[in-house]
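Single-structure report; data block below.
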Number of protein chains: 2
Amino acid sequence: MQQKHIAEVRAFNRFYTSIIGLLDRHILNSRYSLPEVRVLYELYHNENTTASDIISSLQMDKGYLSRMLQQLVRKKLVAKKISTADGRAVHLTLTPAGRKEFETLNRESDKQIQEILEKLSSGDCERMTGYMAEIRSLLTQPKTTESDGR
Amino acid sequence: MQQKHIAEVRAFNRFYTSIIGLLDRHILNSRYSLPEVRVLYELYHNENTTASDIISSLQMDKGYLSRMLQQLVRKKLVAKKISTADGRAVHLTLTPAGRKEFETLNRESDKQIQEILEKLSSGDCERMTGYMAEIRSLLTQPKTTESDGR
DNA sequence: ACAAATTAGTTGACTTTATCAACTAATTTT
DNA sequence: AAAATTAGTTGATAAAGTCAACTAATTTGT
């Protein structure tokens, strides 16, 4: 009876892909691209990040990132500083303007989610976010224990 | 206490975006692009589809689709037939080869999901797919009833 | 200490993906 | 039956992403 489960996961994937697509649309209508926002996100949440860090955490081509950073620097959202410890490495930080801009985008994203949650009763909202947390945890650290008849 | 829920949804979105990205990678390594596979999916599941149908269901640019269909026709996966009822409209169908090819891709996708589910106990698997179905249903038809203190 | 190998990031060339507008031909509206 | 609309095609470009060659700094092995 595994087939039923596979079908449900795939149906969910299709469904959630379109949800995410809808949510992303809002960012695409902003002055930034999706990858740009992801980079801003990384920089906002991690002090003392280098280009290499982003390359590995976002699995991004280094040439692509390099150019993107140039733009973000030109837009005064990001500042580069050559590492004193390693002259090849570049430390990246958001400028105050960059932080502010990210916070605006962040608020907008929050608001978007809020609008979705508002359509749910508080009980449903509680339940749904519980399910989300559960799914994350199940897919993050799949326990191999509980040796029952699977 | 809504903020906590918003944060969970957003965390889930980030998480699931990367899951989907990982799963898509497998298609990207195939001989087809993601949009191509989505078109094949539509054609496989809907008899008697026109280009317009796909444009509206997949929200795709018509020029882009037109060229994509040309390629799929060249690859002998899709057949075009001008509608007898409306000489502008083109009816699209998968050729036998197209159906076969889609079924292969479909099986590969199933297998991919299966590999994920195999890491879960049967109880966890049951639970997770239940959560997915729940989330889908909550986000699809958000009931406005149950007027409790939200 | 120092040559060889590795690493961080940049740059150029290119492919793929996607968008937009102009266009043709068929159909619908008035 | 002229005017407006619709389905799809085509050309021109833009945006997104990849790949390889390259420079400069650092690390490794001897």
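Each chain gets a letter, A, B and so on, in the order the sequences are listed, and its residues count up from 1.
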Q) Can you find a donor-acceptor N/O pair under 3.5 angstrom joining the side chain of A/Arg67 to the base of D/dG17? A) no
Q) What integer distance in Å separates A/Lys81:NZ from C/dA8:C1'? A) 17 Å
Q. Roughly, in whole Å, what's the span from CE in A/Met60 to P in C/dT10?
A. 14 Å
Q) In whole angstroms, how far is the P atom of C/dT19 from the CD1 atom of B/Ile55? A) 12 Å
Q: Ignoring the backbone of A/Val90, work out which of D/dA25, C/dG9, D/dG8 is nearest its side chain.
A: C/dG9
Q: Starting from C1' on C/dT19, measure out to CG on B/Leu58 and report it in whole angstrom.
A: 17 Å
Q: Flag the pair A/Val9 / B/Leu117 as yes when at least one side-chain heavy-atom distance between them is below 4.5 Å, and no otherwise.
A: yes
Q.
One thing to verify: whether A/Arg107 and A/Asp110 come together as a salt bridge, which I'm taking to mean a side-chain N less than 4.0 angstrom from a carboxylate O.
A. no
Q: Ignoring the backbone of A/Asp86, work out which of D/dA16, D/dA25, C/dT27 is nearest its side chain.
A: D/dA25
Q | Salt-bridge present (B/Glu36, B/Lys75; N to O < 4.0 Å) | A | yes
Q: Could you tell me whether the side chain of B/Asn106 and the main chain of B/Phe102 form a donor-acceptor pair under 3.5 Å?
A: no
**Q.** Nearest listed nucleotide, side chain of A/Pro35, among D/dT9, D/dG17, C/dA26
**A.** D/dG17
Q) Closest nucleotide of DNA chain D for A/Leu34 versus for A/Ser83: which of these residues is on the 5' side? A) A/Leu34
Q: Mark yes or no for a side-chain to base donor-acceptor pair under 3.5 Å between B/Arg88 and D/dT6, with no hydrogen or angle criteria applied.
A: yes
Q) Any side-chain N or O of B/Ser66 under 4.0 Å from OP1/OP2 of D/dA7? A) no
Q) Counting just side-chain N and O atoms, does B/Lys80 come under 4.0 Å of either OP1 or OP2 of D/dT9? A) yes
Q: Could you tell me the separation between the CG atom of B/Asp61 and the C1' atom of D/dA15, rounded to a whole number of Å?
A: 14 Å
Q.
C/dG9, OP1 or OP2 - any side-chain N/O from A/Gln70 closer than 4.0 Å?
A. no
Q: Could you check how far CE of A/Met68 sits from P of D/dA15, rounded to whole Å?
A: 15 Å
Q | Between B/Phe12 and A/Tyr131, ring centroids under 6.0 Å | A | no
Q. Between A/Tyr64 (OH) and D/dA16 (C1'), how many Å, whole number?
A. 5 Å
Q) Starting at CG of B/Leu65 and ending at P of C/dT17, how long is that distance when rounded to a whole Å? A) 15 Å
